[in-house]
Every structure is written in structure tokens, then in C-alpha cells.
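Comments concern the structure below.
Along the sequence shown, residues carry numbers from 1. Atoms within a ligand are numbered from 1 in the order they appear, just like the ligands themselves.
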Amino acid sequence: MSLSAADAVQTIIAAGRRLDARGLAAATSGNYSLRLPSGRLAITVSGRHKGRLGPADVMVVDIDGVPLEGQRPSAETALHTLLYRLYPQVNAVLHVHSVAAVTLTRSLPTAREIVLEGYEMLKAFPGIATHRSAVSIPLFENSQDIPALAAAVARRLEAGPAAPAYLIRGHGAYGWGRDMEEAERIIEALEHLLLCELEALRLAGGRA
Ligand SMILES: [Zn+2]
């Protein structure tokens, strides 16, 4: 990916506007990152509204999340960096506190994954060519202990092939891709699919 640091900042700002317009960036929630040609990462600064980002709201950290400037990176930086370390082909990571991800995962308190099956929208995921597919989205318990949560996510993703997304119960979703466009497609598709699952659960009277 030949994306300069300045391009990366503009790409992140534009993504924030689009995700906010879709209702995926309430308050100051979420965080976004891109891999730079240097191998470092551009990531949103902690506590900024993602629909109203400016150039000063994106900072650079190394692959271990250590800031190269004085600003404080997102509290969840380790949940981004594990993905860049694990997947060399991944260049963009998005995290959103989506209403569908929050409510569905709270409604299924013992689930360790959400299996999405039979949906046309599954074709938005890389390598899926037919609705006759099942995609497992790993689901983790929420924690303020980010290093422990990041270690749990890394262990599970290392264990096998996984969809380019994971969920944190009552918190939100992570999605990633080769570039921002692909990461956004994953997040939008996931939101659509989780809304469908939520609606199906509602129609079934709240029982999975
Ligand atoms: Zn979050």
C-alpha cells in the first residue's frame, strides 16, 4: 500500500465522517487505524469525536502501539496492533460501538461466537462466493484490562481461519481489511448481518 502519512490522515478523517453518518460513531466511541509504508500505524487520538476528526486527531504509533509523539493513542490501541502483527496483508482496522453488536451480544450471554449463515450479505466477506456459507465471528467478554483482552483475541485468531472481524460483548465490533475500503465494507456488512440476527431473535421471542 503506497499511502503517505498525510493520505492516511485524510483517509481516516473521511472514514470517520461516513461511519458517523451511518450511526456508527456515537459520542467519541470507536477508533480507526491504517498501516503506513514505514510499518508504523496511523491511529485516532483518544477521546475525539470520530465524525469530526481533523489532522490533529490522528497520531502515529509503532507496531507495538508506542506513540512517536506526545499524544495519547486510543485506549484500545493494543486491539489494533495485534491484528497488524498477526496479518501482514492487513492495512486498515476499524472499531465501532455499533448498536447491533452491543445489543445482540448482550442478548446471547453465553455465546463465544456469532455464526452467520445463509445470508446474501456474506459475500461482502473475502473468499465467500455464495450465501450457502457460514461465517463465525469470534465473541469475547468485555474487559478494561486491554492487554489481557488483546492476548485472548490473538490466541483465538492464531488458532484458525477466521472472518476479518471480532466482537466484544456489550461493547462493539472490530473489522479489518487490505485497505480502508475493505475494512469499511466488513464493518457495514457486519452491521447489516447483526441487525438481521437481532431482528430474527426478536421475532423468535428473544430465544436463540
Ligand atoms: Zn471501544
Side-chain angles (χ1 to χ4, degrees), residues 11-13 15-35 41-53 57-61 63-67 71-87 90 92-109 111-114 137-157 162-177 180 183-195 197-198:
T11 300
I12 287 173
I13 290 172
R17 290 206 186 104
R18 287 192 296 271
L19 291 169
D20 188 30
R22 299 181 71 85
L24 290 168
T28 61
S29 67
N31 34 67
Y32 317 143
S33 66
L34 282 172
R35 197 198 301 263
L41 312 174
I43 189 164
T44 44
V45 174
S46 182
R48 306 295 164 84
H49 196 294
K50 307 305 177 301
R52 305 170 209 147
L53 294 171
D57 301 326
V58 179
M59 63 182 296
V60 177
V61 299
I63 193 74
D64 295 315
V66 177
Q71 289 160 299
R72 192 162 61 93
S74 162
E76 294 175 34
T77 298
L79 299 174
H80 290 244
T81 55
L82 78 92
L83 296 167
Y84 292 108
R85 284 197 298 268
L86 201 55
Y87 304 122
V90 166
V93 176
L94 293 171
H95 167 53
V96 295
H97 294 188
S98 94
V99 172
V102 169
T103 49
L104 183 65
T105 56
R106 282 170 59 95
S107 300
L108 302 169
R112 294 187 68 243
E113 62 179 346
I114 302 286
I137 311 292
L139 168 55
F140 300 90
E141 297 304 320
N142 197 19
S143 172
Q144 302 308 307
D145 184 346
I146 300 297
L149 179 55
V153 173
R155 267 198 308 276
R156 187 120 155 239
L157 295 182
Y166 68 82
L167 298 164
I168 307 174
R169 193 182 316 283
H171 178 160
Y174 274 78
W176 53 92
M180 184 61 91
E184 250 183 282
R185 191 175 78 232
I186 297 299
I187 286 290
E188 287 185 19
L190 189 63
E191 179 71 1
H192 170 99
L193 290 161
L194 297 180
L195 278 171
E197 287 287 303
L198 195 58

Atom of E76 closest to the Zn ion (ligand 1), considering N, O or S atoms
OE2
Kindly report the NE2-the Zn ion (ligand 1)-NE2 angle for H97 and H171 respectively, rounded to 10°.
100°
Any donor and acceptor pair, going by atom type alone, linking the side chain of R85 with main-chain N or O of I63 inside 3.5 Å?
yes
Could you check whether any side-chain N or O of T81 sits under 3.5 Å from a backbone N or O of D64, counting only pairs where one atom can act as donor and the other as acceptor?
no
Has H95 got a side-chain atom pairing as donor or acceptor with A173's backbone, closer than 3.5 angstrom?
yes
Quick one: side-chain hydrogen bond (donor to acceptor under 3.5 Å, both in side chains) partners of R185, sequence neighbours excluded?
none
From the N, O or S atoms in H95, identify the one nearest to the Zn ion (ligand 1).
NE2
